[in-house]
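Counting convention: from 1, in listed order, for ligands and their atoms alike.
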Amino acid sequence: MLGILLAAGRGTRMKSARPKVLFEINDEPICFPPFRALFEVCDRVIIVVGYRGAEVRESLLKRANEAFGEEAVKAKVLFYTQEEQKGTGHAVRTALDGLGKSLGSYEATIVLNGDLPLIRESTLRPLVSEFVARSLDALCLSFDAADPTGFGRILRDDKGLLLGIREEKDASESERKIREVNGGVYCFRNTLLGPALAELKTDNKQNEFYLTDLLGTLKQPKLKTEAIVSNAEDLLGVNTTFELADLRQLSQRRLKKDLCERYGVDFVNIDSIFVSARAVFQGPCRVGPGCSIMGSSVIGEDVNLEGHVLLKNSRISKGAHILWSSVIDESIVGERTKVGPMAHLRMNTVLGDDVKVGNFVETKKTTLARGAKASHLSYLGDAEVGEESNIGAGTITCNYDGFNKFKTKIGKRAFIGSDSQLVAPVSIGDDAYVGSGTTVTEDVPAGALAISRPDMVVKEGYAKKLADKRNLTKKD
Ligand code: UD1
Ligand code: CA
């Protein structure tokens with residue numbers, strides 16, 4: 001089986017310079033779900049690109065490599081460029097021209113429009129089985145549209161036999177009333193596909209080569225073609241940004257339902273939560289209201305994301321608890337570790353097991369080893385914190401001198417007093433103490449105490465003396 005994905009069009013009704021197939025649903029390009037379905041069913045997949053083709057190719061490859069591995073993708077996937085977008089029939093011809101003689105190694109071809117983000121492998125199963133069972137030459141999936149506007153209408157005779165597909169712009173008043181429409185999913189017998197495409201004409205309102213002209217007895221009396229009614233939801237397409245918004249909601253619900261059924265993910269206030277299709281769940285866990293799980297994040301078993309937590313390309317290990325409104329970006333959180341509320345972990349922060357990072361703590365390129373704590377109001381950048389160390393409230397690593405970034409290294413079981421500044425590069429040994437309010441500018445050896453703080457002075461009766469002085473000046 002050969003698969004062809006049509007992704008060369010611009011999508012003018014989106015009113016954007018961005019190619020339609022690169023708008024995102026569930027944090028992946030619109031054209032990825034139909035690509036995935038083809039990848040799972042076909043022996044080879046061709047993607048026809050055109051408008052901003054290099055970008056489409058790059059985005060699709062990136063996502064495909066992430067999902068299936070570079071080797072598998074390289075072995076199966078080819079891109080061809082349709083220089084001028086002369087219609088869906090012309091796009092398929094471009095793919096076949098590219099493939100040349102090796103077309104003969106495939107019996108049939110599945111063609112999918114690239115703008116069908118709800119397509120899945122199961123949508124294609126009845127297409128293939130019906131095609132084979134009835135030894136058809138061409139088959140397409142149709143559906144009953146509540147509003148058929150914009151779709152090609154399925155024309156049938158009294159007996160229900162397929163006469164053809166009429167594009168909206170070419171349709172008569174009465175044809176426009178037909179609600180059975182073409183879904184943009186096709187299967188063709190390869191021996192006939194090439195010759196039939198060569199005969200296509202552009203005798204229509206859009207002056208295009210319509211792939212849809214290959215179906216129905218009106219234009220192809222010798223071929224055995226059919227349209228079968230399929231699940232309407234799977235075939236919903238994107239033509240405008242409003243349709244995109246609608247499909248985003250639908251596909252989010254579908255994705256989350258699957259996660260509930262497969263892993264027992266407990267979504268609290270499910271419609272307020274966003275989950276990327278690229279995220280991986282490892283078992284039952286709880287996701288509170290307003291959370292956004294973006295990119296290729298991994299969520300372990302028994303994790304609790306309390307609410308309004310934003311995760312991006314991060315790994316949250318088993319039993320971790322992320323409290324309200326924390327932001328975790330490109331970071332790793334260990335088992336049973338507690339983060340937040342309102343903590344910000346970013347750029348390769350790595351927290352070990354049983355760590356605690358509390359409110360208003362920001363970390364960047366920082367490691368906290370097992371059992372370390374930074375409970376309140378700190379900035380830890382380019383730092384390494386050893387096991388069981390305690391970082392006091394308000395501690396700041398001064399990692400930037402205006403030109404370069406420097407590292408702070410803190411050993412095991414160290415105690416950094418509140419409101420200290422660690423001026424990097426600097427290191428603090430195992431079991432060392434830093435007195436509260438200290439500005440650390442030199443290395444502190446293991447087991448030592450570092451303290452830089454002027455001696456405190458107490459002036460008894462100061463308030464009264466001050467008040468007396470004020471009263472004197474008033475009388476004057
Ligand atoms: C097409 C069908 C219509 C069907 C609808 C379903 C045709 C002629 N019409 O209409 O019957 O109801 O899909 O969604 O096929 N593309 C190319 N090269 C081109 C033109 C298009 O690669 O030269 C790609 C587009 O990127 C898109 C897909 O083909 O992914 C469909 O094109 P689009 O313009 O959206 O077709 P519709 O007018 O929606
Ligand atoms: Ca379309």
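- For atom 22 (O) of ligand 1, a protein non-hydrogen atom is found at a distance below 4.0 Å.
- Looking at T366, T408, D382 one by one, the single match for side chain to side chain contact (heavy atoms under 4.5 Å, CB included) with T397 turns out to be T408.
- Between atom 20 (C) of ligand 1 and the options A8, A91, G87, the minimum heavy-atom separation is to G87.
- In the candidate list N113, L5, T12, N113 is nearest to atom 28 (C) of ligand 1, counting heavy atoms.
- The two residues N113 and L5 make their nearest non-hydrogen contact at O-CD1, 4.1 Å.
- Contact annotation for atom 35 (O) of ligand 1: protein present (non-hydrogen atoms, distance under 4.0 Å).
- Between F39 and F68, the angle of the ring planes stays under 30°, which puts this pair in the parallel group of the 30/60° scheme.
- For ligand 1 and D115, the ligand atoms under 4.0 Å from any heavy atom of the residue are 30 (O), 35 (O).
- Geometrically, ligand 1 and L211 share no nitrogen or oxygen pair separated by less than 3.5 Å.
- Residue P126 comes nearest to I228 through the heavy atom pair O-CD1, 4.0 Å, listed as atom of the first residue, atom of the second, then distance.
- Listed by chain and number, the protein atoms of type N/O/S under 3.0 Å from the Ca ion (ligand 2) are D115 OD2, N239 OD1; waters are omitted.
- Looking at residues two or more places apart in sequence or on another chain, you find a side chain to side chain contact (heavy atoms under 4.5 Å, CB included) between V298 and V280, Q282, R315.
- Using a 4.0 Å cutoff on heavy atoms, G152 counts as a contact of ligand 1.
- The protein atom (non-hydrogen) at minimum distance from atom 6 (C) of ligand 1 is N182 O, 3.5 Å.
- For atom 15 (O) of ligand 1, a protein heavy-atom neighbour is found at a distance under 4.0 Å.
- One option in R13, E167, R10, H90 has a heavy atom closer to atom 39 (O) of ligand 1 than any other, and that option is R13.
- Take L163 and apply the side chain to side chain contact (heavy atoms under 4.5 Å, CB included) test, not counting sequence neighbours, and it matches L155, D157, T217, L218.
- Remark: of the listed residues S272, P289, C260, C260 is the sole one forming a side chain to side chain contact (heavy atoms under 4.5 Å, CB included) with F267.
- Scored by the side chain to side chain contact (heavy atoms under 4.5 Å, CB included) test, D302 finds no partners at all (sequence neighbours excluded).
- Taking atom 30 (O) of ligand 1 as the reference point, the nearest protein heavy-atom neighbour is L6 O, 2.9 Å.
- Relative to the ring axis of Y400, K405 places its NZ or CZ within 45° and under 6.0 Å from the centre.
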